[in-house]
Amino acid sequence: MLARHTDPIVAIATAPGRGAVGIVRVSGKQIAGFVQHLLGKALKPREATYMPFKDGKGAPIDHGLALYFPGPNSYTGEDVLELQAHGGPVVLQLLLARCLEAAQEEVAAGSSSVVLPGLRLAQPGEFTERAFLNDKIDLAQAEAIADLIDASTEAAARSASRSLSGDFSREIGELRQALVHLRMLVEATLDFPEEEIDFLKKADAYGQLDGLRDQLGQVLARTQQGALLREGIKVVIAGQPNAGKSSLLNALAGAELAIVTPIAGTTRDKVQQTIQIDGVPLHVIDTAGLRDSDDEVERIGIARAWEEIAGADAVLFLHDLSRMAEAGYAEADLDIARTLAERILPSVPVIDLWNKTDLAAPGVDMQPLAPLAGRKGSEQSLSLSARTGEGLDAVRQRLLQVAGWQSAAEGLYIARARHVEALQAVGAHLDEAHAQLNVPGPALDILAEELRLSQTALNSITGEFTSDDLLGVIFSSFCIGK
Ligand SMILES: Nc1nc2c(ncn2[C@@H]2O[C@H](COP(=O)(O)OP(=O)(O)OP(=O)(O)O)[C@@H](O)[C@H]2O)c(=O)[nH]1
Ligand SMILES: [Mg+2]
C-alpha cells in the first residue's frame, strides 16, 4: 500500500462557512496516544465527552464534544477522533492547526519521537478512500457516498442510499458468482482436452452462459436507469430565430432565464439550465437561432449552437407554426434539418416541436422533415405553446422517453457512466465467449480468456484489483473531510 494510504490525516469534515456545529476529524492507524496528548485524557470509545479544546498554551479555543472510535469500528476502519465544536470557520481552523501542532510535539521532554508522526491534511475523499482500502465498503458504495452528498433530487438521494447499503454491489456480486462458476468449469476442461466439449455440454456450460447473459442484461438495464438518475442527459433546443427556443427553455424551467423578444437573433450565447422531470436531471441548453447572418457576434453564437448540437444527447427542433406560410420559412427549416442529419449521430434523437399553437393556422402538416425522417425521436411530432404552456407536459414525457427512462421504478440504485461502461465491456466479452462456444471445435483457451476478461471488467465496478490511478480519479471528486 502506498505511504499516502497509511499516513494519519486530519480535516474539517463539515461544509465551509458558518454553522451551529463544525467537526474536525482525525484518522490514523493508532491515535490513542495523540488523543490523550491533545485532550489531556483518554476517551471512552464511542462515547461523547463534553470538554474544553485547548491551544498549545492551555487556553481554550472552544468547548465541545469529543468522540473516539477505535479501529476497526469506525468510518475509515482506522482509529478516528471527531471534535465537534461551534461551526465558525476561525474556530475550526484553530482546532485543525492545534491538531497538526500537537502531532509534532515531543512524546516526553527531550524525547526524539513525536506524538503522531506524519499527521497531515487529508486530500478530498481520503477518509472514504481509507474506508474502501480497509474493506469497510467497496468502490461502488464509496461512490454512492459522494452521490448521496451531491444528490439534487429525492429520487437520486434514495437511490444513492440504496447503493450505499450495498444493493448494487450485491447484484454485481451475484453476477460474479455465476461467472466464477462458469470459469471454473471451463478452466477444468482445459486439463482434459479429449472430453472437453462433452464435459461442457453435460455440465450445461451453454445454459450457464445464456443465463449469465440474461442476468447481465437485467443488471445493465437497471444500471443505465441509475446512471440516468445521476448524470441526466443533455438536451439542446435548436431552430430558426424567433421560433420560441428561449421561451421554451423558460417554460420548462419555470423561470425567466433567457431573454425573450420578438427580435430575431435575440439569443447569442448559450443559456443552460438543469431541470428535473420525475427526478431525472435534464441539462437543457437554449441556443442562438440558426440562420445565415452578417453580424459577427451572432455568427459566433450560431457556431456555438452547432457545437452544442454536436454534443447533445437529444435535440428539440423547434418550428414556428405562425410562420409556416412565410416565404422561405420551410426551406430554411429544411436546410437546418439537412445539417442536423449530417452533424449528429443517427443514435441521437431529434424531436420535432411545433410551437405557438395559440396562433396556429389550422391545417399545417406537422411531419418530421425529410432529412430526419426515420430517425429515433421522429416517430411522433408534438405541438405546443411555450406561451400558454399547452402541450408542455407531453414534451416533458417525450424527453423522459427518449432519455430511456422507464418509470420511477421502486428499488432503483444510483450508478455512474463508469459502471455502465464496465457492464457493457462484460457483455462484449460474454458475447465473444458465446460465439466461441458455438463454433464447431471451439478454442477453449480463448473462451477461458474471454471469461477472465469479463470478470476483470466486472471487478472494476466494486474495486477488486482496481488501479491506483482510477482510485485517484474517483476520490479526488469528493469534498475534503469526507
Ligand atoms: N403567441 C406565442 N408567441 C410565442 C410563443 N413562443 C414564443 N413566442 C414569441 O415569439 C418571439 C420569439 O421568442 P423567443 O423565445 O425569443 O424565440 P427564440 O427562438 O429564442 O429566438 P432567438 O433567440 O432570436 O433565436 C417572442 O416575442 C415570444 O414572446 C408561443 O407559444 N405563442
Ligand atoms: Mg432565444
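Counting starts at 1 for both ligands and their atoms, following the listed order.
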**Message:** So Leu216 and Val426, do their side chains get closer than 4.5 Å, heavy atoms only?
**Reply:** yes
**Fill in**
In this structure, atom 2 (C) of ligand 1 is nearest to the protein heavy atom Asp358 OD2, 3.4 Å
**Complete:** Closest to atom 12 (C) of ligand 1 among protein heavy atoms sits Asn242 OD1, 3.0 Å
**Message:** Give me the nearest non-hydrogen protein atom to atom 31 (O) of ligand 1 as residue plus atom name, then the distance to 0.1 Å.
**Reply:** Ala386 N, 2.9 Å
**Request:** Look only at interatomic distance and state if Leu384 has a nitrogen or oxygen under 3.5 Å from any nitrogen or oxygen of ligand 1.
**Result:** no
**Request:** For ligand 1, indicate whether the residue Ala264 contacts it via side chain, backbone, both or neither (heavy-atom separation under 4.0 Å).
**Result:** backbone
**Prompt:** With backbone taken as N, CA, C and O and side chain as the heavy atoms from C-beta onward, which portion of Leu318 lies under 4.0 Å from ligand 1: side chain, backbone, both, or neither?
**Reply:** neither
**Request:** Report the residue from Arg222, Arg162, Arg176 that forms a salt bridge (Lys or Arg N to Asp or Glu O under 4.0 Å) with Glu171.
**Result:** Arg222
**Message:** Evaluate Gly265 for polar contact with ligand 1, using N/O atom pairs at a separation under 3.5 Å.
**Reply:** yes
**Asked** How far is atom 29 (O) of ligand 1 from its nearest protein heavy atom, and which residue and atom is that?
**Response** Arg387 NH2, 2.8 Å
**Exam field: side chain Tyr206 to backbone Leu437, donor-acceptor pair closer than 3.5 Å** = yes
**Message:** Looking only at protein heavy atoms, which one is nearest to atom 6 (N) of ligand 1, and what is the separation?
**Reply:** Asn355 ND2, 3.2 Å
**Prompt:** Which pair of heavy atoms, one from Ala122 and one from Phe127, lies closest together, and at what distance?
**Reply:** CB-CE1, 3.6 Å
**Item:** Top protein contact for atom 18 (P) of ligand 1, by heavy-atom distance
**Value:** Lys245 N, 3.4 Å
**Complete:** Between Thr153 and Gly279, the two heavy atoms sitting closest are OG1-O, 3.4 Å
**Request:** Please confirm whether the backbone N or O of Glu231 pairs with a side-chain atom of His283, one donor and one acceptor, at under 3.5 Å?
**Result:** yes
**Prompt:** When you look for heavy atoms under 4.0 Å from ligand 1, do you find them on the side chain of Thr267, its backbone, both, or neither?
**Reply:** both
**Message:** Between Arg120 and Arg4, does the side chain to side chain contact (heavy atoms under 4.5 Å, CB included) criterion hold? Intermediate values first, please.
**Reply:** CA-CA 10 Å; Arg120 61 169 171 82; Arg4 73 168 192 91; 3.8 Å; yes
**Asked** Any Lys/Arg nitrogen of Arg452 or Glu449 sitting under 4.0 Å from an Asp/Glu carboxylate oxygen of the other?
**Response** yes
**Request:** Taking all heavy atoms of Leu334 and all of Pro371, pick out the closest pair and write down the distance.
**Result:** CD1-CD, 3.8 Å
**Request:** Using a cut-off of 2.8 Å, find all protein N, O or S atoms closer to the Mg ion (ligand 2) than that distance.
**Result:** Ser246 OG, Thr267 OG1
**Message:** Heavy atoms only, cut-off 4.0 Å: how does Val260 contact ligand 1, side chain, backbone, both, or neither?
**Reply:** both
**Prompt:** Quick one: which ligand 1 atoms are inside 4.0 Å of a heavy atom on Ser247?
**Reply:** 6 (N), 7 (C), 13 (O), 14 (P), 15 (O), 28 (C)
**Request:** Identify the protein heavy atom lying closest to atom 8 (N) of ligand 1, giving its residue, its atom name and the separation to 0.1 Å.
**Result:** Lys356 CE, 3.6 Å
